[in-house]
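For reference, the structure discussed in these notes is given below.
All heavy atoms count here, side chains included; hydrogens, waters and symmetry mates do not.
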There are 2 protein chains.
Amino acid sequence: MSDLLERLRDRGWRLTAQRRVVAEVLDGDHVHYTADEVHARAADRLPEIARATVYNTLSELVALGEVLEVSTDGRAKRYDPNARHTHQHLVCSRCGTIRDVHPTGDPLAALPENERYGFAIAEATVTYRGVCPNCSGS
Amino acid sequence: MSDLLERLRDRGWRLTAQRRVVAEVLDGDHVHYTADEVHARAADRLPEIARATVYNTLSELVALGEVLEVSTDGRAKRYDPNARHTHQHLVCSRCGTIRDVHPTGDPLAALPENERYGFAIAEATVTYRGVCPNCSGS
DNA sequence: CACTACATTGGACTTTGTCTAAGTCAAGAA
DNA sequence: TTCTTGACTTAGACAAAGTCCAATGTAGTG
């Protein structure tokens with residue numbers, strides 16, 4: 001993802017300091033941050049960055065298909081920089097951490113025509129929930 | 001679900017007018033209401049019912065396994081009275097309405113052992129997203 | 001019927017996110 | 001290089017969804 005900024009500029013994205021730090025935060029560790037976590041980390045480098053800017057930038061990255069939005073349960077949305085390969089998520093029901101996983105097969109194929117109720121189905125997401133090794137010990 | 005109240009009383013659930021109307025709202029149509037929709041419908045029959053009571057009651061019904069909580073994207077959680085048969089959900093990405101669907105196969109089986117990272121996986125939920133016939137027309 | 005533990009109430013509060021008006025600035029033009 | 005301009009950013013108000021709490025009410029037991 002090191003050429004993310006380049007790809008975006010090629011697509012006419014105006015490059016600002018704020019957008020750069022947000023992209024760098026996502027690029028750094030391969031973790032799934034919430035918007036506020038992204039904001040906190042971006043503010044380490046650019047203290048005056050506004051929350052609204054982080055939200056705007058994240059939405060744009062999602063719209064551009066560079067980042068995925070993952071919402072688990074009622075908690076804050078998390079942002080997944082690994083939008084290149086399709087994958088699903090494994091969520092710890094205690095601590096909320098997320099791991100990317102790659103199940104076999106296509107869940108879309110498992111939904112028979114007579115169960116589609118006329119919807120134009122665009123995607124199927126699978127969420128596995130369980131207790132991670134870290135949390136099961138305690 | 002007509003004997004829901006009876007089942008709950010047998011399990012030591014204290015039966016109040018508020019809890020009764022909440023249960024009746026869920027029992028009525030087989031729709032997936034948000035907490036506020038449940039509150040509005042409950043208030044038709046019991047005008048002084050508090051929002052907090054509806055939230056409390058819904059949480060208890062979920063904890064007791066009588067109702068499922070479905071959270072799609074950043075929207076309000078919806079409550080699914082059909083907790084008896086396992087099923088998945090089809091969500092309209094415009095209006096947010098939900099339909100129960102029954103895909104073939106077991107998504108848990110699609111996750112290889114080496115992708116489980118030591119988690120004790122308890123469940124797999126599949127969410128299909130698309131535009132419903134109602135929204136695609138306009 | 002009285003008692004008491006549990007349920008309900010209303011309103012303040014929190015979290016997550018959106019909106020807006022005014023100011024700022026990146027990038028192309030001259 | 002400097003100018004121009006429309007897109008970007010900011011701070012703070014606002015909104016939606018949900019939680020918390022102290023005071024009050026009540027279901028069910030004995």
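One can place CG of A:L46 at 17 Å from P of D:dC8, the figure rounded to the nearest angstrom. The distance between atom CG of A:L15 and atom C1' of D:dC8, rounded to the nearest whole Å, is 12 Å. Distance A:R11 CZ to D:dA7 P: 18 Å, rounded to the nearest Å. Look at CD1 on A:I49: it is 15 Å from C1' on C:dT24, rounded to the nearest Å. When the C1' atom of D:dT9 is taken as reference, atom CD of A:E60 falls 11 Å away, rounded to whole Å. One atom, OH of B:Y33, and another, P of D:dA17, lie 17 Å apart when rounded to the nearest Å. Rounded to whole Å, the distance from CZ on A:R20 to P on C:dC25 is 14 Å. Atom pair A:N56:CG and C:dC19:C1' shows a separation of 10 Å (rounding to whole Å applied).
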Go through the steps to decide whether B:H87 and B:D80 satisfy the test side chain to side chain donor-acceptor pair (under 3.5 Å), and finish with yes or no. CA-CA 11 Å; B:H87 60 273; B:D80 182 344; 2.7 Å; yes
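In this structure, of C:dG17, C:dC19, D:dG28, it is C:dC19 that holds the atom nearest to the side chain of A:A52. Of the candidate nucleotides C:dT16, D:dG18, C:dT8, C:dT16 has the atom nearest to the side chain of A:A76. Side-chain proximity of B:R14 to D:dG28, C:dT9, C:dG17: nearest is D:dG28. In the set C:dT16, D:dG25, C:dT8, C:dT16 carries the atom at the smallest distance from any side-chain atom of A:D36. Candidate nucleotides C:dT8, C:dA26, D:dC20 were compared by shortest atom distance to the side chain of B:T16, and C:dT8 ranks first. When each of D:dT10, D:dG18, D:dT26 is scored by its nearest atom to the side-chain atoms of B:K77, the top-ranked nucleotide is D:dG18.
No side-chain donor-acceptor contact under 3.5 Å links A:H32 and A:N82. Counting only N and O atoms by type, the side chains of B:E115 and A:H102 include a donor and acceptor under 3.5 Å apart.
A salt bridge links B:E24 to B:R45: at least one charged side-chain nitrogen sits closer than 4.0 Å to a carboxylate oxygen. Between A:R19 and A:E60 there is a salt bridge, with a side-chain nitrogen of the basic residue lying less than 4.0 Å from a carboxylate oxygen of the acidic one.
Contact annotation: B:R75 side-chain N/O to D:dA17 OP1/OP2 distance is not under 4.0 Å. One finds a side-chain N or O of A:Y55 lying less than 4.0 angstrom from the OP1 or OP2 phosphate oxygen of C:dG17. Contact between the side-chain N/O atoms of A:Q18 and the OP1/OP2 oxygens of C:dT24 is not found at any separation under 4.0 Å. An OP1 or OP2 oxygen of D:dA27 is reached within less than 4.0 angstrom by no side-chain nitrogen or oxygen of B:R19.
When every heavy atom of B:V91 is checked against every heavy atom of A:F119, the shortest pair comes out as C-CE2, 3.9 Å.
A residue-by-residue look at B:S59 and A:W13 shows that A:W13 has its nearest nucleotide of DNA chain D further toward the 5' end.
Applying the 3.5 Å distance criterion, the base of C:dG10 shares no donor-acceptor pair with the side chain of B:R51.
The residue A:T53 sits close to a base: some heavy atom pair falls under 4.0 Å.
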